[in-house]
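Below you'll find the structure, written out as structure tokens, and then a few comments.
The first residue in the sequence is number 1, and the count goes up from there. All figures in this text were calculated on a predicted structure; none of them were measured in a lab.
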Amino acid sequence: MKSAVETLNPTRVRLTVEVPFEELKDSLDAAYKKINQQVTVKGFRKGKIPARVIDQRFGRGAVLEEAVNDALPKFYTEAVNEAEINVLGQPEVDITELKDGETLNFTAEVDIRPSIEIPDYSGIEVTVDAVEVSDEDVEKSVEQLRERFASTSPVERAAAEGDVLTIDLEAKVDGEVLEDGVAGGVSYTVGSGELLDGIDEAVTGLEAGGEATFTSQLKGGSAEGKDAEVTVKVTAVSSRELPELDDDFAQMASEFDTLDELKADSRKRLENMKQYDQATQAQERVLDELLKLAEVPIPEKLLEDEINTRKHNLEHHQLGQMGIDLGKYLEIQGKTEEEFDAETKEQAVKGIKTQFILDELVNQEKLNVNQEELTEHLMRRAASSGMSPDQFAQAVVEGGQVPMLVGEVARGKALAVVVEAAKVVDTNGETVDLDDEDETAETVEADGDAAEDQAEDKKTEA
């Protein structure tokens, strides 16, 4: 077999391949065998029809077509390996000549990973937010914990802001009660701004048994977006009482004995979270600067496929779970379809450029991924997907996605190399040390889970 490569542009080549006919022998034998199993000829047992009879009855052309279809992938792969090119996607194959007994010639146009020169990234400088936790931040965090331990008790008085009400709702459009416009026993906190516009004003001042009618635009259901006449009836009023902020509260809501210890722990957690955010911000900004420095040609077909994939995932997965279509999404975002398409293309270009550059860095720096790193990454991906590590690992293996995960880890290590070489300062002008960013991230995740579990356990005990 002979092959030659013609560069059409930095991201696409044309392979010209010439195959001597004798190299088709195995595929021809396989073609006769396959046809033998599919057809019946009187006077011959199934599978025992001679090749000359198949040629006479069904035509040599049918055999050649079957053989060529079988052989092409093998010859194409050989040509790609011989040329030492990194192909992307499926080729466009054109058989230029097929002479029975003589030769098979074909061309294959395919996108390739472009050759990229990694720029000198040692001079990259970025500024990130400083890690600052104010007393107000701590007070807000403690107050949120306090809110989780609030209790309610029935009262015989008019509803006021902060009260928890039990209400019945009925919505009419054009005088007709909607089939999905009736709800009973709904719990609602006055002043929360939830449910419907105008409901807070309607229920404030009502006692149990009182009702009011107001007009509001429906936010969902069969008459979404329409103005409805809503009748709300209050069936119960309960006051919401927060526990005192003292040492007893600290003991009830945490493992600490004093409120001061609880506040100190909250401050530490907030600092860890901000350090993690700072590290993430540094990575994103360093990457943006690296992308500005590098020239990366983008294969047109790959870009088209990436844009289509992003749109499909948004429409059929993310928006589908939210129960809205793309039109409604754009309305909520205040964007035109043209603006959405432009943003999607920009994101796709950035994603492809990022992968190309970091993959080249992986090769240049000879970065490897060990089993421990892959396992840690798998655990994090499983947690974000809502699956158990075993379930996620099984899905990855069955879907043949292990190389994809390995690539993600390797690219993360490549980016870490660039971040380490960059100068990162915060908004106060202080140099930021990101050596422990992974440890910080794990600490934040662990602290967050522990705090959540601990608060729930304490609340149950209370």
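Across every non-hydrogen atom of Asp200 and Thr189, the tightest pair is OD1-O, 4.4 Å. The minimum heavy-atom distance linking Val155 with Ser239 is given by the pair CG1-OG, 3.7 Å. Closest approach of Ala223 and Val173 over heavy atoms only: CB-CG2, 4.1 Å. Across every non-hydrogen atom of Phe249 and Arg146, the tightest pair is CZ-CA, 3.6 Å. Across all their heavy atoms, Val432 and Val425 have their closest contact at CG2-C, 3.9 Å. The two residues Ser187 and Val164 have their closest heavy-atom pair at OG-CG1, 3.6 Å.
For Gln394, the side chain to side chain contact (heavy atoms under 4.5 Å, CB included) partners are Glu398, not counting sequence neighbours. Asp325 is linked by a side-chain hydrogen bond (donor to acceptor under 3.5 Å, both in side chains) to nothing, counting only residues two or more places apart in sequence or in another chain. Residues meeting the side chain to side chain contact (heavy atoms under 4.5 Å, CB included) test with Val13, sequence neighbours left out: Val5, Thr7, Ile85, Val110, Ile112. For the side-chain hydrogen bond (donor to acceptor under 3.5 Å, both in side chains) test, residues two or more places apart in sequence or in another chain that qualify with Asn428 are Glu132. Applying the side-chain hydrogen bond (donor to acceptor under 3.5 Å, both in side chains) criterion to Gln371, with sequence neighbours excluded, gives Thr375. Remark: Glu6 engages Leu8, Arg14 in a side chain to side chain contact (heavy atoms under 4.5 Å, CB included) (not counting sequence neighbours). Residues satisfying the side chain to side chain contact (heavy atoms under 4.5 Å, CB included) test with Glu343, not counting sequence neighbours, are Lys335. Scored by the side-chain hydrogen bond (donor to acceptor under 3.5 Å, both in side chains) test, Asp390 finds no partners at all (sequence neighbours excluded).
Residues in residues 233-243 take part in these salt bridge (charged side-chain N to carboxylate O under 4.0 Å, His left out) pairs, two or more places apart or across chains: Glu147-Arg240. Sequence neighbours left out, the pairs with a member in residues 401-428 that pass salt bridge (charged side-chain N to carboxylate O under 4.0 Å, His left out) are Asp359-Arg411, Glu373-Lys413, Arg381-Glu408. Applying the ring-ring contact (aromatic ring centres under 6.0 Å, His included) test to residues at least two apart or on different chains, the pairs with a partner in residues 302-346 are His312-His316, His312-His317. Listed by first and then second residue, the salt bridge (charged side-chain N to carboxylate O under 4.0 Å, His left out) pairs involving residues 307-316 are Glu306-Arg310, Lys311-Asp341 (not counting sequence neighbours).
In this structure, the side chains of Leu293 and Asp120 stay at 4.5 Å or more apart for every pair of heavy atoms. Counting only heavy atoms from C-beta outward, the side chains of Val182 and Val177 approach each other to under 4.5 Å. Between Val296 and Ile352, every side-chain heavy-atom pair lies at or beyond the 4.5 Å cut-off. Annotation: side chain of Glu211 is in contact with side chain of Thr231 (closest heavy-atom distance under 4.5 Å). With contacts defined as side-chain heavy-atom distances shorter than 4.5 Å, the pair Pro119/Leu290 qualifies. A 4.5 Å side-chain heavy-atom check between Ile167 and Leu195 finds at least one atom pair inside the cut-off. Between Phe214 and Val203, the closest side-chain pair of non-hydrogen atoms is not below 4.5 Å. Side-chain contact between Leu405 and His377 is present, with heavy atoms from C-beta onward closer than 4.5 Å.
With no hydrogens or angles considered, no side-chain donor-acceptor pair links Asp163 and Tyr188 at under 3.5 Å. For the residue pair Asp197 / Gln217, no side-chain donor-acceptor distance below 3.5 Å is found, with atom types taken as modelled. Glu229 and Thr215 are not linked by any side-chain donor-acceptor pair at a separation below 3.5 angstrom, with hydrogens and angles left out of the test. In the model, Thr258 has no side-chain atom that pairs as donor or acceptor with a side-chain atom of Asp260 under 3.5 Å.
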> What's the verdict on side chain to side chain contact (heavy atoms under 4.5 Å, CB included) for Met1 and Glu78, showing C-alpha distance, side-chain angles and the deciding distance?
Replying inline: CA-CA 9 Å; Met1 187 193 81; Glu78 288 181 10; 3.7 Å; yes

>> Applying side chain to side chain donor-acceptor pair (under 3.5 Å) to Asp137 and Ser134, what does each step give before you reach the verdict?
In response: CA-CA 5 Å; Asp137 292 332; Ser134 66; 3.1 Å; yes

>> What verdict does the side chain to side chain contact (heavy atoms under 4.5 Å, CB included) test give for Ile324 and Ile332, after you've listed the backbone C-alpha separation in whole Å, the side-chain angles of each residue and the deciding distance to 0.1 Å?
In response: CA-CA 10 Å; Ile324 60 176; Ile332 294 172; 4.1 Å; yes

> Is there a side chain to side chain donor-acceptor pair (under 3.5 Å) between Ser222 and Asp180 once you walk through the steps?
Replying inline: CA-CA 7 Å; Ser222 60; Asp180 56 354; 2.9 Å; yes

>> Run Asp257 and Gln251 through side chain to side chain donor-acceptor pair (under 3.5 Å) and show every step you take.
In response: CA-CA 5 Å; Asp257 293 327; Gln251 294 167 20; 4.9 Å; no

>> Run Lys350 and Leu291 through side chain to side chain contact (heavy atoms under 4.5 Å, CB included) and show every step you take.
In response: CA-CA 8 Å; Lys350 182 178 179 180; Leu291 294 180; 3.7 Å; yes

> Between Arg267 and Asp135, does a salt bridge (Lys or Arg N to Asp or Glu O under 4.0 Å) hold up when you go through it step by step?
Replying inline: CA-CA 8 Å; Arg267 184 179 294 276; Asp135 291 342; 2.7 Å; yes

> After noting the C-alpha distance and the side-chain angles of Thr107 and Leu15, does the key distance pass the side chain to side chain contact (heavy atoms under 4.5 Å, CB included) rule?
Replying inline: CA-CA 5 Å; Thr107 62; Leu15 292 165; over 6 Å; no

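Salt-bridge check for Glu304 with Lys301: failed, with every basic side-chain N at 4.0 Å or more from each acidic carboxylate O. Comment: Arg269 engages Asp265 in a salt bridge, judged by a side-chain N to carboxylate O separation of less than 4.0 angstrom. The pair Glu271-Lys274 does not count as a salt bridge, with every side-chain nitrogen at least 4.0 angstrom from each carboxylate oxygen. No salt bridge links Arg113 with Glu360; every basic N to acidic carboxylate O contact stays at or beyond 4.0 Å. Using a cut-off of 4.0 Å between Lys/Arg side-chain N and Asp/Glu carboxylate O, Asp111 and Arg12 are scored as salt-bridged. We find that Glu143 and Lys140 are not joined by a salt bridge, their nearest charged nitrogen and carboxylate oxygen being 4.0 Å or further apart.
Not one N or O on the side chain of Asn313 forms a donor-acceptor pair closer than 3.5 Å with the backbone of Gln318. Remark: side-chain polar atoms of Thr235 are paired, donor with acceptor, to backbone N or O of Thr166 under 3.5 angstrom. Side-chain atoms of Gln401 come within 3.5 Å of backbone N or O of Gly399 as a donor-acceptor pair. Proximity of a side-chain donor or acceptor of Glu289 to a complementary backbone N or O of Val126 within less than 3.5 Å is not detected.
Going from atom CG of Leu378 over to atom OG of Ser385 covers 9.0 Å, rounded to the nearest 0.5 Å.
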